[in-house]
Amino acid sequence: MVRRSLHSIVLERASHASFSVEMEPTKEVSSEVDPYENMIQAGDNPDITKERKSASFNLYKMQCFVYEGQYKLKRRQEILDFVESHKEFDDPVHPHFLNREEQIDRATRKCVAMMNNLEAIDVTDYFDEAPLYQFLTIGRELHCLSLHYGMFLPTIQNQCDEEQLEEWLGPAASKAILGTFAQTELGHGSNLSKLETTATYDAKTQEFVIHTPQMSAAKWWPGGLGKSANYAAVMAQLHTNGENKGPHLFMVPLRDTTTHLPLPGITVGDIGPKFGINANDNGFLIFDNYRIPRRNMLMKYSKVEPDGTYIAPPHSKLGFGTMVLVRSLMIRDQASQLGSAAVIAIRYSAVRRQGEINEGEGEVQILDYRTQQYRLLPQLARSFAFLFAGYEIRATYLHVTKLIRHSANTELLPELHALSSGLKAVITWEVAQGIEQLRLSCGGHVWLLILSGYSRASAFPDIYTYAVGGCTYEGENIVMLLQVARFLMKIAKEVRTGTPKLAEIAEYIARTDSGAARVSRWKTCADEDIIHDFEAVTRKMNSSLTFAYFPSVRHDVPIYCNIVRFNECILQIFSAFDRLKSLEGTMKKKEAWNACSIDLCKVARMHVKTYLVKNFLARVRTCEDSASKTVMHTLAKLYAFDLISGAGGHFMKGGFLSETQANQVQVDIYEMLNSLRPEAVALADSWAISDLELRSVLGRRDGNVYPALLEWAKASPLNKSEVLPTFDKYLDPMFKEGRSHL
């Protein structure tokens, strides 16, 4: 592939104002490629080598399926080779042993080195190559340029008109300025409509006055804001001609481009140490009647004329495209974090021997214990389900932005917003829980007395603290779920009143079902039957809540009767109906929504999980290698059956899933664990994660864990001296005092 110059990329972006993901045509996987090239080497732990040889599928072909073709797999190796061959990416001191100032110095040094070596990647590929490049060079850390490339540039690209693109895209893309995205405030985060920072238009000077009216309006959390960024895309309430037009984006210079000192009217700084990602200088920002030109309002969709006249955007959610993009990137990233944790736990479980199953036959690999398989393999299945969902949301995002750009078609925006919100909420939560479960599965070697109370050598602490923040940033998860629920309730009401405008992922709400689950034995159960059951259960949950949120529907007897016929298992509907009736006389609509919010979140989660199951099964059907397809299909069914088992209460309500079927689902899960046991390590290897990217002693490719753990411990700065100063200062006097009384 021919690498383009940064200048040509800037020109292309300015002309098209959208990110593209360039992919070479999928090529047939060569049969001449060694499927275990570099995976099995002399000196490897014999147990992990045995595991790799026991797989029933060709590893390389499975990796090509996982990464959408041979080309992307090749590019992963090329980027790895590039990073490993450049000394400026080396770490003189292991990053685990650095203080915060040293962490920031390391991350900044490396991110500048990354920017100076952009020829290594296709910089327009924000979904694959750019994140991989960052993880290989810096690890699970954010840095001063993370939001510059993750949100600031996309905001310029997606929210600026042509003249503004000409002014700001070049400097931002060529690193002449460094930007961040300032939305969250001390008092408000996900509730954009209540943000307190104001941008008041002054028609006399044709300027906006940006102001922080009270302490709760201070911007809080933006990455890179504290000490690095000199520009910010700021979300503020637009006031013009005496009216508040709601939150809009503004391009705001923060620091002098020569001295880097804050400009007059700007108070900015670092917010201090955090739970994780401490190499990033997250910051606070306060404005004191700070003036910017009128044209610093981003005006691709909405505008303010010189006289203060406001021109509204064609669609209310056009201004939130950057957040949708970031959420789509997050889904892919979160899948990778769960995948990394699963790789570590599975590989370690293959080399760790503990206890005997049959007395006298010797200690067994802990991967042989069914309880261990039950901890590991469903999490591995989730990681692939989330990865494939990431691919799909990427394609949806690119499709929608193309429609908007070429035809101003915004019909799919509500679906995209609901899909990205729901996937973000469900996936980040399940990734955080999954990482913790995988950490626990590794036992004592995730607990050592270094740094934060548990061994960073395992990489679990870094994976967890990196990933768990996703539950909150870019939309708090409960808020996201309620946004999905609002979308679903709107669709459900339209179906019930006979005026549906159904989006693709919600069209199943209008279908009928048999009233009984179709799930059967895992080896013979058809994908369509699994999907039928998930859709039916989700539909019934939606039906219940439609009455709760739209009480007027139940007064229409014909519609009500049709709903009853539509769902034969309707115990939840009557429950919601009775509850609503008891509250109807005393509650307003929003109060009723609040009263039902727990159930609304359950509905949203189930809707998203139904989508994940459907998408996983659909993706598996595209696999052309039969051996890989068979194993991945079993993993997809394990994912679906595990969800059914975990949501048994919803599936069994009204007798939809019988007790016999529920028991069989559990038995089938155990059978699938047994079937996947010989494939486990090779399935983990299918993630094609190098040791440099994984950064884990427990999960290293060669399985030689114990020597590596000892070498890692020796690298601790505490071991540079046999006797620490604390001995002379505290311990020796204590010992002497104690001995004097003997």
Side-chain angles (χ1 to χ4, degrees), residues 21 62-69 72-73 75-77 79-80 83 121 125-143 146 149-150 276-277 325-347 376 378-394 420 423-424 426-439 458-471 473-474 612 615-616 619 632 635 639 683-696 698-699 701:
V21 178
M62 181 68 88
Q63 289 175 332
C64 288
F65 168 69
V66 168
Y67 284 102
E68 300 185 297
K72 283 193 176 182
L73 198 59
R75 287 293 300 139
R76 288 181 64 82
Q77 185 61 47
I79 296 169
L80 172 63
V83 172
I121 63 168
D125 186 356
Y126 272 36
F127 291 91
D128 293 296
E129 294 200 8
L132 174 63
Y133 190 31
Q134 174 173 307
F135 278 118
L136 291 173
T137 54
I138 299 178
R140 294 175 187 90
E141 271 291 359
L142 298 181
H143 51 78
S146 293
Y149 282 95
I277 57 173
L325 169 63
V326 172
R327 287 172 191 156
S328 68
L329 295 172
M330 283 180 65
I331 292 164
R332 169 70 170 83
D333 182 36
Q334 291 276 318
S336 296
Q337 300 314 309
L338 183 59
S340 294
V343 169
I344 295 167
I346 289 171
R347 286 180 178 174
L376 304 181
Q379 300 300 338
L380 181 65
R382 283 183 177 87
S383 71
F384 286 117
F386 300 161
L387 176 69
F388 299 148
Y391 291 157
E392 191 64 25
I393 188 66
R394 173 194 64 192
S420 66
L423 287 171
K424 184 268 177 192
V426 170
I427 288 175
T428 56
W429 169 252
E430 295 205 352
V431 164
Q433 301 304 302
I435 292 169
E436 176 65 1
Q437 184 62 231
L438 292 163
R439 181 190 70 78
S458 68
F460 283 117
D462 293 330
I463 295 173
Y464 184 78
T465 55
Y466 175 85
V468 74
C471 293
Y473 64 73
E474 302 314 320
L612 286 165
N615 187 68
F616 197 170
R619 175 69 60 161
M632 190 58 76
L635 201 63
Y639 175 66
L683 277 169
D685 291 342
S686 299
W687 270 98
I689 300 176
S690 66
D691 281 352
L692 180 60
E693 184 182 358
L694 198 61
R695 298 176 186 269
S696 170
L698 294 192
R701 178 207 59 79

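The residues of the chain are indexed from 1 along the displayed sequence.
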Distance, nearest 0.5 Å, that separates [atom1] of [X] from [atom2] of [Y]:
{"X": "L635", "Y": "R382", "atom1": "CG", "atom2": "CZ", "answer": "11.0 Å"}
{"X": "F386", "Y": "Q337", "atom1": "CZ", "atom2": "CD", "answer": "13.0 Å"}
{"X": "C471", "Y": "I427", "atom1": "SG", "atom2": "CD1", "answer": "11.5 Å"}
{"X": "L438", "Y": "S458", "atom1": "CG", "atom2": "OG", "answer": "11.5 Å"}
{"X": "S383", "Y": "L683", "atom1": "OG", "atom2": "CG", "answer": "9.0 Å"}
{"X": "I393", "Y": "S328", "atom1": "CD1", "atom2": "OG", "answer": "6.5 Å"}

Where do [X] and [Y] come nearest, in terms of heavy atoms and distance?
{"X": "I435", "Y": "A467", "result": "CD1-CB, 3.7 Å"}
{"X": "V343", "Y": "A684", "result": "CG2-O, 3.4 Å"}
{"X": "R76", "Y": "W687", "result": "NH2-O, 4.1 Å"}
{"X": "S686", "Y": "M62", "result": "OG-CG, 3.1 Å"}
{"X": "L694", "Y": "A459", "result": "O-CB, 3.9 Å"}
{"X": "S340", "Y": "I689", "result": "OG-CD1, 3.5 Å"}

Could you give me the CA-CA distance, side-chain angles and deciding distance for I463 and I344, then say whether side chain to side chain contact (heavy atoms under 4.5 Å, CB included) is met? CA-CA 11 Å; I463 295 173; I344 295 167; 3.7 Å; yes
Are the side chain of R332 and the backbone of L387 linked by a donor-acceptor contact shorter than 3.5 Å? no
Expected output: side-chain Y126 to main-chain Y149 donor-acceptor under 3.5 Å: yes
I'd like to know if [X] and [Y] make a salt bridge, using a cut-off of under 4.0 Å between side-chain N and carboxylate O.
{"X": "D333", "Y": "R327", "answer": "no"}
{"X": "R695", "Y": "E141", "answer": "no"}
{"X": "R140", "Y": "E693", "answer": "no"}
{"X": "D685", "Y": "R701", "answer": "no"}
{"X": "K424", "Y": "E474", "answer": "no"}

Considering only heavy atoms from C-beta outward, does the side chain of [X] approach that of [Y] to under 4.5 Å?
{"X": "I138", "Y": "Y133", "answer": "no"}
{"X": "Y464", "Y": "V468", "answer": "yes"}
{"X": "L73", "Y": "V66", "answer": "no"}
{"X": "Y67", "Y": "R75", "answer": "no"}
{"X": "L338", "Y": "Q379", "answer": "yes"}

Step by step, would you call F388 with Y639 a ring pair (Phe, Tyr, Trp, His ring centres under 6.0 Å)? CA-CA 13 Å; F388 299 148; Y639 175 66; over 10 Å; no
Decide salt bridge (Lys or Arg N to Asp or Glu O under 4.0 Å) for D125 and R394; before the verdict, give the C-alpha distance in whole Å, the side-chain angles of both, and the deciding distance to 0.1 Å. CA-CA 11 Å; D125 186 356; R394 173 194 64 192; 5.9 Å; no
Show the numbers, then the answer: is there a side chain to side chain contact (heavy atoms under 4.5 Å, CB included) between S690 and L136? CA-CA 9 Å; S690 66; L136 291 173; 3.8 Å; yes
Counterpart residues, side-chain contact (heavy atoms from CB on, under 4.5 Å), relative to S146 (two or more places apart): Q134, L142, H143
Show your reasoning for whether side chain to side chain contact (heavy atoms under 4.5 Å, CB included) applies to F460 and S696. CA-CA 8 Å; F460 283 117; S696 170; over 6 Å; no
Partners passing side chain to side chain donor-acceptor pair (under 3.5 Å) against W429 (at least two apart in sequence or in another chain): none
Not counting sequence neighbours, which residues clear side chain to side chain donor-acceptor pair (under 3.5 Å) with S420? List them please. none
Could you go step by step and tell me if L692 and V83 meet the side chain to side chain contact (heavy atoms under 4.5 Å, CB included) rule? CA-CA 10 Å; L692 180 60; V83 172; 4.0 Å; yes
Within 45° cone of Y391 ring axis and under 6.0 Å: K72 NZ or CZ: yes
With ring pair (Phe, Tyr, Trp, His ring centres under 6.0 Å) as the criterion, how do F65 and F384 come out once you've worked through the C-alpha distance, each side chain's angles and the decisive distance to 0.1 Å? CA-CA 11 Å; F65 168 69; F384 286 117; 8.6 Å; no
